[in-house]
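A quick write-up on the structure given underneath.
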Amino acid sequence: MKLNREQVRRIARNAFDELVKSVEAGKSEALKQYLKAMAKFHRYSLGNAILISCQKPEASHVAGFRAWQRLGRHVRKGEHGIAIMAPVVYRRESALNDKANEDEDDEVVTTFKTAYVFDISQTDGKPLPEFARVQGDPDEFLSRLKQYVAERGIKLEKSQHLTMAEGVSTGGTIFLKQSLAPAEEFSVLCHETAHEILHHGTEIRPEEKKVRETEAEAVAFVVCHGIGLDVNSSSCDYIQLYDGDKETLIRSLGRIQQTAAEILGAITDSTNSKHQDVEESPRMSAAA
């Protein structure tokens with residue numbers, strides 16, 4: 001599959017327009033169900049997060065016994081709980097006598113007690129709602145993308161220690177979750193490569209995480225779309241998870257299209273691929 005410069009530009013423009021329309025249409029049903037389920041999980045303190053990680057490094061979603069029941073799942077018999085520290089809270093007597101004026105300031109933490117939570121791998125029952133996943137077969141484009149990453153001087157490593165995240169960009173090194181399917185691996189690698197190009201070692205780095213994640217995922221969407229993968233609502237959902245919207249996309253239009261077109265051009269053997277500007281506007285980012 002060889003694409004010339006104009007074909008690459010056209011694919012990038014059309015894919016970007018499609019993404020904007022999807023985001024403008026609002027949250028997908030899959031994302032709504034996912035957010036509804038995730039709202040039932042507590043955000044643990046750093047101390048408890050460390051305790052969980054030490055006891056069960058592969059833990060991904062943890063909740064108490066009753067919380068799992070409310071999610072339609074049950075802890076398997078014989079499973080050992082993960083110990084955390086839970087605060088013991090009481091209300092001041094004045095607050096109890098004046099319920100109309102109750103607020104969080106009337107709650108006092110006196111001590112902590114040991115409580116137990118369980119990882120999803122220790123439970124059975126109703127599947128949790130999941131993010132939509134990129135589908136299809138990237139075929140030789142996955143190896144070409146890896147070659148492109150290497151040519152930019154970016155190291156690529158697989159990690160079995162990533163649980164919640166599927167990929168991490170550190171500025172010079174990309175870590176990918178070991179268990180990703182080929183289509184997911186391609187998409188995540190596109191996303192992290194966009195972070196490397198746009199957000200590491202560059203003079204123009206958006207301060208807002210929302211903008212950075214929107215840019216990276218939009219690049220992944222365009223490239224995946226360009227090689228024929230079924231992106232469905234995965235990229236749109238991801239962007240909206242970080243509160244990205246149409247305006248965020250439009251503001252980053254040039255950066256997204258330039259980066260996506262460069263990657264797409266490189267992996268499709270475009271005659272204008274290797275680190276050349278494929279848009280008419282000046283280059284707005286630099287390699288890591």
Side-chain angles (χ1 to χ4, degrees), residues 46 49-50 52-62 119-121 130-202 205-206 209 211-227 229 231 234-235 237-239 241-242 255-256 258-269 273-275 285-288:
L46 176 60
I50 293 172
I52 292 169
S53 179
C54 288
Q55 295 170 77
K56 200 171 186 65
E58 72 277 14
S60 58
H61 292 94
V62 296
D119 182 54
I120 187 173
S121 64
E130 292 186 350
F131 248 69
R133 298 266 179 187
V134 176
Q135 303 290 329
D137 182 8
D139 199 27
E140 78 274 12
F141 294 116
L142 179 55
S143 60
R144 292 183 185 180
L145 179 58
K146 291 178 179 179
Q147 181 181 350
Y148 170 80
V149 169
E151 288 175 352
R152 294 197 69 104
I154 303 167
K155 295 180 181 178
L156 177 60
E157 297 183 19
K158 293 288 187 70
S159 173
Q160 57 184 342
H161 301 298
L162 294 179
T163 53
M164 299 297 287
E166 295 185 335
V168 175
S169 162
T170 64
T173 303
I174 292 174
F175 295 94
L176 295 182
K177 193 173 184 178
Q178 207 160 33
S179 58
L180 295 175
E184 296 168 2
E185 182 178 355
F186 183 89
S187 176
V188 175
L189 183 52
C190 281
H191 179 104
E192 302 305 334
T193 301
H195 275 312
E196 289 286 326
I197 296 173
L198 291 169
H199 307 138
H200 291 291
T202 162
R205 183 180 188 271
K209 186 177 181 67
V211 178
R212 297 196 302 272
E213 293 302 326
T214 295
E215 289 182 344
E217 189 58 28
V219 169
F221 175 88
V222 171
V223 177
C224 288
H225 187 281
I227 68 164
L229 293 180
V231 191
S234 59
S235 289
D237 288 352
Y238 185 93
I239 288 170
L241 184 67
Y242 284 92
R255 291 162 59 81
I256 292 167
Q258 283 184 322
T259 306
E262 179 181 315
I263 297 173
L264 189 58
I267 67 175
T268 56
D269 288 333
S273 61
K274 294 194 177 182
H275 311 291
S285 65

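Only heavy atoms go into these numbers, but all of them, side chains included; no hydrogens, no water, no symmetry mates. Residue indices begin at 1 and follow the sequence shown.
When atom types are taken as modelled, the side chain of Glu192 and the backbone of Ser169 share a donor-acceptor pair closer than 3.5 angstrom. Of the possible polar contacts, one joining the Asp137 side chain to the Asp139 backbone as a donor-acceptor pair under 3.5 Å is found.
A distance of 8.0 Å separates CZ of Arg144 from CD1 of Ile267, quoted to the nearest 0.5 Å. Of the inter-residue distances, the one linking Leu176 atom CG with Glu157 atom CD reads 10.0 Å to the nearest 0.5 angstrom. With values rounded to the nearest 0.5 angstrom, Thr170 atom OG1 is found 6.0 Å from Glu196 atom CD. Taken to the nearest 0.5 Å, the CD atom of Glu213 stands 9.5 Å off from the CG atom of Leu241. Atoms CD and CG, from Glu184 and Leu189 in turn, are 13.5 Å apart once rounded to the nearest 0.5 Å. With values rounded to the nearest 0.5 angstrom, Arg212 atom CZ is found 7.0 Å from His199 atom NE2.
In the model, Gln258 has no side-chain atom that pairs as donor or acceptor with a side-chain atom of Glu262 under 3.5 Å.
Pairing each heavy atom of Pro138 with each of Ala183, the nearest pair is CD-N, 3.8 Å. The minimum heavy-atom distance linking Ala194 with Ala216 is given by the pair CB-CA, 3.8 Å. Between Leu229 and Gly136, the shortest heavy-atom contact is CD2-C, 3.8 Å. Annotation for Leu142 and Pro182: closest pair CD2-O, 4.3 Å, computed over non-hydrogen atoms. Of all heavy-atom pairs spanning Ser187 and Ala220, the tightest one is O-CB, 3.7 Å.
A heavy-atom distance below 4.5 Å is found between the side chains of Thr193 and Tyr148. With a 4.5 Å cut-off on side-chain heavy atoms, Val211 and Glu215 count as touching. Under the 4.5 Å side-chain criterion, counting only non-hydrogen atoms from C-beta, Ile239 is not in contact with Phe221. Taking 4.5 Å as the limit, every side-chain heavy atom of Val223 sits out of range of all side-chain heavy atoms of Leu145. When side chains are defined from C-beta on, Leu180 does not count as touching Phe186, because their heavy atoms never get closer than 4.5 Å. With contacts defined as side-chain heavy-atom distances shorter than 4.5 Å, the pair Ser235/His225 does not qualify. Under the 4.5 Å side-chain criterion, counting only non-hydrogen atoms from C-beta, Val188 is not in contact with Val134. Under the 4.5 Å side-chain criterion, counting only non-hydrogen atoms from C-beta, His191 is not in contact with Glu166.
Under the 30°/60° scheme for interplanar angles, the aromatic rings of Tyr242 and Tyr238 are found to be tilted.
Looking at Lys146, Arg133, Lys177 one by one, the single match for salt bridge (charged side-chain N to carboxylate O under 4.0 Å, His left out) with Glu185 turns out to be Lys146.
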> Which is it for Ile197 and Arg152 under the side chain to side chain contact (heavy atoms under 4.5 Å, CB included) test, yes or no, and what are the steps along the way?
Replying inline: CA-CA 9 Å; Ile197 296 173; Arg152 294 197 69 104; 3.9 Å; yes
